[in-house]
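Below is one structure; the comments refer to it alone.
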Amino acid sequence: MSAFLETLQLGRTFGGLKAVDDVSIAIQQGELVGLIGPNGAGKTTLFNLISGFTAPTSGEVRLKGERIDGLTPHDIAQRGIGRTFQNLRIFPNISVFDNVTVGAIGHENIGLGSILPWQKAKSDRITQKSFEALQAVGLLEEADQLAANISYGKRKYLEIARALAMQPDLLILDEPAAGLNETETQHLASFISRLHQEGRTIILIEHDMRLVMSICQRVIVLASGRKICDGTPDMVQKDTGVLEAYLGVDE
Amino acid sequence: MDYYLQQLVIGLSLGMVYALVAIGFTLIFGVLNVVNFAHGEVYTIGAFVGLLIFVSFAPPLVVVLLVVLAVGAMTGVGLERFAFKPFRRFNDEATLKSRAMREATLMSSLALSIVAREGIELFFGSQFQSLPLKHMLNSPIKIGPVTIVDGDLIIFGTSFLMLAGLQFVLKHTSVGLSIRAVSNNPLGARYVGVNTDRTIAWTFAVGSGMGAVAGILVGLYYGAIFPAMGFTPGIKAFVAMVMGGLSSIPGAVVCALIIGISEAMSSIFVSSVWQDLVAYAFLIITLIFFPRGIFGGARERV
Amino acid sequence: MKNRRNILALGSALALATLPLPVYAQQPTYKIGYQLPLTGNTAQYGIDFKNAAEIALDQFAKAGKPFKVEIVFEDSRSDTKEGVAIARKFVDDKSIVGVLGDFTSGVSIASAQIYKEAGMPQLSQTASHPDYTKVSEWQFRNITTQAQEGPLNAEWLYASGYRKVAVIAEQTDWGQTVVSNFVDKFKALGGQVVFSEFFNRGLADFRPIITKIARDNPDAIYTGYFYEDGAQFLKQMKQLSVTIPVHSTSASYNQQLITLAGADAEGMKLTATFLPNNPAKNVQDFVAAWKAKTGQAEPGQFPAQAYDAVNIMLAALERAHPNVTRKSLRDQLAATKNFPGVTGDTTFDADREPAKKLVRAQVKNGTFVAVDQ
Amino acid sequence: MNASDTSHHRWLWTGIILTGLFVLVPLLLSLAGRSYFYQIANTIMIFALLAASMHLVTGVAGLLQLGHAAFYGIGGYCAALLATHFKLSFVVTIPLAGMMAGLIAFLVAVPTMRLVSIYFAVATLGIGQMLHVITLNWVPVTKGPNGILLFGGMKVFDIDFSKPVPAYYLVAVIVAACIYVIHCLSHSYYGNALRALREDDQCADAMGINTPRLKLESFTVSGFFAGVAGALWAHTAGYISPADFNFNVSILILSMVVLGGLGSLPGSILGAIILIGLPEVLREFKAGDFRNIIIGIVLFGVILFQPRGLIGEVSALDFIRNQFGLGRKAKNDANKTDGKQMRVGWL
């Protein structure tokens, strides 16, 4: 069985700099995989390569066996990859509910014709999905507030809810715990675990080691654009290469 | 052959007029990343102030230019205070770079430009102002087969001085250093102790002073000073700025020259009513095919 | 979501409706509407018209006629939107029996559609668009069109011995007629038009065009511009040391041309219907009144045109008195014959076009003087 | 989307609006006995449609449009040329003019769609100016500066629509219908997708929103309605020339949208009422010379003190609570909530 998502010798150079260099990873359906690495390791670039924000200079990305590199972000999103952003990117001037609907709208691929009366079923599905997503993250109370007016922590959940409304097959979370305090991080960890238990495939990019080690089954480590380790949390913690990369020991 | 040479020279001098306006315009955009729609009106105000000084005191040109520079700088500071500063309510990065601020200031400067233009019109009337002809900068000078006027030399000299002066200010003074810092990273500049508000005010002072000087010089050059005079040069400067890569002043100057020459040369082939199409076509082509400006080097600002 | 819109529409409609409507006295006072640009890019022309109209009205009031006349001025900004609103306003006011204006042909024609529908006589002092008087029998104009001026100039240039002529004009409806009427006649006479081009109004830099003209080396240049563009053109010709004789139309006749262009205007020839140094009494009275009222130099062609338009209207009113209606005023306007105005004698032909006598003039020593024929 | 959009309120408001538009306003105008008010009302309605069409592309989709007058002009010219050359009735020319403007908007949008924010604004400014230069100077087709005079009048079934009252009804019906469509578009999930573009188009793209297609669509639709407005103007004014569609008109329309509040359809319409009505009101008060300055000052004041315009984007989802009591219901009955009940989106 081919992997759910795989990258094959994926590479991207900016100027002369190899941001991502020959990275091959494979994610199986239903996995919760952590992706870690020191600053500038190329985590977010890898992420952007997968979600289509950046085109790779070499290699390929496959989702369910089909090549998706070179597609536009919305094509990739519609094939089932939902993501959040490292720096929160919610839509501040519309309501929390409307924010979430955007994910569902993307999934339903709404166009000009959708205001026609016989397209109402689509709208109803969007309403329902958005509602369910809001409920899942516990933001129903804030549904009609402007997204700009809710707290930072809640915005994090809003972003996840928006991605969930896309009904993604694969959910990529880019540093969801950044800026959260201890309790909030705990809460988030259990939330992510729950999403995983419900059967979702998730990639988690994180700085917070403890979060990653506590909930992920498998951890991939990037350093200087290359994959240096891929295994269970225990294996990764014992790997000397990882230690060197984090401590900055010269090779 | 002489004919083509003459058209080329006319195009050059036309381009220099656009360049003169584009310098201040680009400085303000480059630092703040906002479009100052009122730049054309600062240009007009410069011309009217210069005209008033000429009519009342008839001092030498240099004195007039200095006074106009000062008045322009004050106008710029006032403009910044009323049309731009109120929208920087918060000094976080999101506000300084947000699209909302860009568009709000675009509209606020547009609104002020309406007020300024209508005010001038109310006060002076919309016709060409009569200018003592002896002050005009249009005595012909024959160089071989082509004719230029003294104004061409003065405008060239002024543009050159402005560019050089600006480079000096930016590279060798503390104000210039803070302007560059704010341009690169407003939030970072603030963290290291740069007074952002004052620096932005300075930027407007310098940019608008230059705009005002351009106004009186071009006014004297053509002998045409009227309330709506800022519109066309404003648009051409805008185009030059976009072509030059938005935040590059030398780029804008070179592109202004290219626009001027192309306009003059185009009139060789087609009727001059189509001349305006040249600048707009350049604009669209640049935007579609060279989104980073025709020199490609500058960072893309989106 | 349109609710607010309607509430506001109602509100503003109410606000407008409750404004006090003027109450009219029993004594015969006739009202004339005058739509003209008092603000905007063309305000200088509209303000001149207003001054000229006030002079005419003043003189009329002092003449002790059996009725009074009031002129209602409305600012159209040379904007069609505002022009048609004013037209409706004038039509609504039952006491307004005739309308003057507008300045530009475009606004005049758009308003004419409304005057046509409502049956209101309209007399424009300047609308030169060929279609203007074709809108309906209610439209009159007091400006010689290029259909008259163009051929006359063609004959003049041809008689001066010019065979190769360059023609330039502004890209407006008027400029189009300048070129076509002149060129048709000049070619019919056997002359050659070596260069013909339009320019966008308010073009600052004529040098590319001048250089182009100079290359074709015509015997003369025939120009269709207003005084501001004219001054620019003449200055830049001198600047490029191009010394081809320049002819122009009555539209460039304005003292400001000489103020703006100075010595560079010397020698320009043009046709005109009005010369302030014409010794005729009515002309001198007007010039004196103009100087006293505005503190400016002599009036140009356009104020004189407006002055005459007002007087033609007043004369028609006088003939229609005491049975003044819009219809009777229109008929009396149409009957205007040999009206002695400062721009010459005016007679409206069957198409409500004026036939006027044009004089030939030249800039000499900083002033416009008639050329002996 | 507003708290009042519940279903019975909806019909109430629709009723009020339609009665106001078709009965009360004409009644009042007729009582005032002045066709002048009809003229103003017509101009306001045409500009309300223009502002509404720009609202869709600028207010909702966030594409700053500085060349809207060009599409207005294309519509006007298309209608006038069809009416004069082929003697077509306005019944035919108005939709054709809209389609033509939509088509040109589409062609303009294809290469410029990937431009962002100010770049896009500058491109529309350039294209708008180019189209203006072309209408002014392409004399054989557009008659250039001479403009086009429509002699024919507007007679259909013996009703002369060039008379003020029939013209009012004609314009009111067409404008109301167009604005209703725009309302449906902007108050649906389609509108939400456009709002997502406005807020952060890259992010919207990552959510699966086909941003280039949406931009293209909204720009084309907006061009279509601007074209309809142009055709209405050409037919009701009877004469058009390039001066009616210059850069200042683009700025005027943009000012309406900003004045009323970016993102709010009623705001745009209010902006049109104010910016067309205010000069006329000031004319009544003999403030003639100052009225343009006053408009500039009003615009500036609104931008400064009411950054969201007079009616900013209304807090978007009040209506969910009102309509379904979701807030309370969710607490008690969260799991049982049936998606079918939650009919939200558009009227």
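A note on names: the letters A, B, ... follow the listed sequences, proteins ahead of strands, and every chain is numbered from 1.
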How long is the gap from OH on D:Y190 to OG on A:S123, to the nearest 0.5 Å?
-> 13.5 Å

Say you draw a straight line from CG of D:N210 to OG1 of A:T72; how long is it, rounded to the nearest 0.5 Å?
-> 6.5 Å

Could you state the interatomic distance from CD (D:E199) to CG (A:N99), rounded to the nearest 0.5 Å?
-> 8.0 Å

Are the side chains of D:L185 and A:L112 in touch, meaning some heavy atoms are under 4.5 Å apart?
-> yes

So which residues of residues 98-109 of chain D are in contact with chain A at a heavy-atom cut-off of under 4.5 Å?
-> none

Hey, are the side chains of A:I94 and D:R198 touching, using non-hydrogen atoms and a 4.5 Å cut-off?
-> yes

Listed once per pair and sorted, the side-chain hydrogen bond (donor to acceptor under 3.5 Å, both in side chains) pairs that draw on residues 50-64 of chain D, sequence neighbours left out = D:S53-D:H68

Contacts of A:E60 that satisfy side chain to side chain contact (heavy atoms under 4.5 Å, CB included) - sequence neighbours left out = A:L8, A:R62, A:R67, A:D69

Taking a cut-off of under 4.5 angstrom between non-hydrogen atoms, the residues of residues 213-228 of chain D near chain A are D:R213, D:L214, D:E217, D:V221

Shortest non-hydrogen separation from A:F53 to D:A206 and the atoms involved | CE1-CB, 3.5 Å

Can you tell me how far OG of A:S51 sits from CG of D:D205, rounded to the nearest 0.5 angstrom?
-> 10.0 Å

Pairwise side-chain contact, D:Y189 with A:V102, heavy-atom cut-off 4.5 Å (strictly under) | no

Heavy-atom closest pair, residues A:F91 and D:D200 = CE2-O, 3.7 Å

Examine whether an atom of A:F85 lies under 4.5 Å from a heavy atom of chain D, and if so say whether it belongs to the side chain, the backbone or both; otherwise answer neither.
-> side chain

Heavy-atom side-chain contact between A:H74 and D:I209 under 4.5 Å | no

Check the pair A:I105 / D:M207 against side chain to side chain contact (heavy atoms under 4.5 Å, CB included), numbers first and verdict last.
-> CA-CA 8 Å; A:I105 290 165; D:M207 298 297 119; over 6 Å; no

Of all heavy-atom pairs between A:R162 and D:C203, which one has the smallest distance, and what is that distance?
-> NH2-SG, 3.1 Å

